[in-house]
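Letters A, B, ... are given to chains in the order of the sequence lines, protein chains preceding strands, and every chain is numbered from 1.
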2 protein chains.
Amino acid sequence: MATSVVTPFKHADHDHGHCVDDALAQAERQCRQRGVRLTPIRRRVLELIWNGHAPVKAYDLLDRLRAERRSAAPPTVYRALDFLLEEGLIHRIESLNAYIGCGSPAHPHVGQFLICEQCHAVAELDDNDVHRVLSAKAGELGFLVSSQTIEINGLCPLCRDPSPGTATGSASG
Amino acid sequence: MATSVVTPFKHADHDHGHCVDDALAQAERQCRQRGVRLTPIRRRVLELIWNGHAPVKAYDLLDRLRAERRSAAPPTVYRALDFLLEEGLIHRIESLNAYIGCGSPAHPHVGQFLICEQCHAVAELDDNDVHRVLSAKAGELGFLVSSQTIEINGLCPLCRDPSPGTATGSASG
DNA sequence: TTCCCTGTGCAACACTATAACATGCGAGTG
DNA sequence: CACTCGCATGTTATAGTGTTGCACAGGGAA
């Protein structure tokens, strides 16, 4: 089985501070290695995105940025997002016009996303079987694949079958 | 092989009038059967979308509608699009914010789209193997799939390997 | 007739993203 | 030190995408 889970669904009580710290540390390291600058704005936007495991919209980021930095404007956010996308630190969810942190920024890939319609949590896969099947089918029509947008909607394990005492309805932690 | 091609890539010299006529006739029939109304506006929007095998943007439709009907406004177009989407007569391409005619509206399905980055032609698949693989992978994480957005970018056969004398660079016919 | 339902007209607005040009600021160089 | 080059950010405006809310028109049913 070639299933590679980049970011699984998290339990409601997982230590989310850890997720954020890891993601930021990894980003710092990677940017240093590549000789690109993770400026305060870019770092803060990444941190805001990692506040939860749900996709975040650009103008929500802008609102939160503005609360801290009077000068924040749409370009402020979109430039930071462009940088983070470029460096593979976040992904864009096309069907939501929203952005989410990447759990495995070091190696370049396109994500395959499982999006919970109820709590909005997102898990990320990078699955070779999926790539293979799609490339094969495309190949049958003579089509040469260069990139893929794969976004699956449905119910995450917690919302599908909530255990007693388990919180649902939020992906904020 | 369970590959089902809903709409293949068309040769540049195919009889496109036929595509349009077929699509409209099928839409008329289907709407009559279901007891819903394919009004002149809705029919015209569908026809404009079927003008080519490339996705069309809402405001391009609006421009063309306005040339014929002074009163056309954004809601005019979006209401027609909502209706056509609802009836399965068109699909929305999330990664392009654009709409394309469905070649098989009779049976409900989500499409899998191959999008040519050069000529913008789009082919539509409805492939069970792809569904199966994705559902299986999702299932491994306890995720229950309800719908899928699958949009593959790359090069169509004609743009990938243009034969001498074969026109490329347009999906308008 | 009156009522109701659906479709359309119309104005305004909300949300998403980019363009264009100005300013700041730090690193490297002479 | 001054200089300048390149990148990041500030600022204003605008483009592109989609929705809300209410008014009106027409046809079928009571």
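Between A:Thr76 and the choices A:Leu81, A:Leu65, A:Leu61, the side chain to side chain contact (heavy atoms under 4.5 Å, CB included) rule is met once, by A:Leu65.
Using a 4.5 Å cut-off between side-chain heavy atoms of Ile, Leu, Val, Met, Phe, Trp and Tyr, with links allowed through other members, B:Val110 and B:Phe113 fall into different hydrophobic clusters. A continuous path of Ile, Leu, Val, Met, Phe, Trp and Tyr side chains, each step under 4.5 Å between heavy atoms, connects B:Val145 with B:Val130, placing both in one hydrophobic cluster.
For B:Ser71, there are no side-chain hydrogen bond (donor to acceptor under 3.5 Å, both in side chains) partners two or more places apart in sequence or in a different chain. Under the side-chain hydrogen bond (donor to acceptor under 3.5 Å, both in side chains) criterion, B:Arg92 pairs with B:Glu94, B:Asn97, B:Tyr99, not counting sequence neighbours. Residues satisfying the side-chain hydrogen bond (donor to acceptor under 3.5 Å, both in side chains) criterion with B:Thr7, sequence neighbours excluded, are absent altogether.
Taken to the nearest 0.5 Å, the CG atom of B:Asp127 stands 4.0 Å off from the NZ atom of A:Lys137.
Pairs of residues two or more places apart, or lying in two chains, that qualify as side-chain hydrogen bond (donor to acceptor under 3.5 Å, both in side chains) and include a residue from residues 34-50 of chain A are A:Glu28-A:Arg43, A:Arg34-A:Glu87, A:Arg44-A:Glu47, A:Arg44-A:Glu68. Sorted pairs that involve residues 97-118 of chain A and meet salt bridge (charged side-chain N to carboxylate O under 4.0 Å, His left out), not counting sequence neighbours, are lacking altogether. Pairs of residues two or more places apart, or lying in two chains, that qualify as ring pair (Phe, Tyr, Trp, His ring centres under 6.0 Å) and include a residue from residues 128-159 of chain A are A:Phe143-B:Phe9.
Across residues 87-100 of chain A, not one residue has a non-hydrogen atom less than 4.0 Å from an atom of DNA chain D. Taking every heavy atom of residues 73-86 of chain B and every atom of DNA chain D, pairs under 4.0 Å involve B:Pro74, B:Pro75, B:Tyr78, B:Arg79, by number. Non-hydrogen atoms lying under 4.0 Å from DNA chain C are contributed by nothing in residues 25-35 of chain A.
Ion pair A:Lys57/A:Asp60 not flagged as a salt bridge, since none of the NZ, NE, NH1 or NH2 atoms sits closer than 4.0 Å to an Asp/Glu carboxylate oxygen. Classification of B:Asp82 and B:Arg79 as a salt-bridged pair fails, no side-chain N sitting under 4.0 Å from a carboxylate O.
Under a 3.5 Å cut-off, the side chain of B:Glu151 and the backbone N or O of B:Ser95 do form a donor-acceptor pair.
Protein chain B touches strand DNA chain D; the 5'-most and 3'-most nucleotides with an atom under 4.0 angstrom of its non-hydrogen atoms are D:dT17 to D:dG21. On the nucleic acid side, DNA chain C has its first and last nucleotide under 4.0 Å of a heavy atom of chain B at C:dG7 to C:dA11, going 5' to 3'.
A:Arg69 comes within 4.0 angstrom of sugar-phosphate atoms only, judged by non-hydrogen atoms across all strands, and of no base.
The bend of the helix from C:dT1-D:dA30 to C:dG30-D:dC1, defined by the angle between the axes of its first five and last five pairs, stands at 10° to the nearest 10°.
No hydrogens or angles considered: nothing links the side chains of B:His120 and B:His53 as a donor-acceptor pair under 3.5 Å. A:Glu124 and A:His109 share a side-chain donor-acceptor pair at under 3.5 Å. Counting only N and O atoms by type, the side chains of A:His18 and A:His16 include no donor and acceptor under 3.5 Å apart.
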Verdict with reasoning, A:Ile152 to A:Ile115, per side chain to side chain contact (heavy atoms under 4.5 Å, CB included)
CA-CA 6 Å; A:Ile152 313 297; A:Ile115 306 167; over 6 Å; no
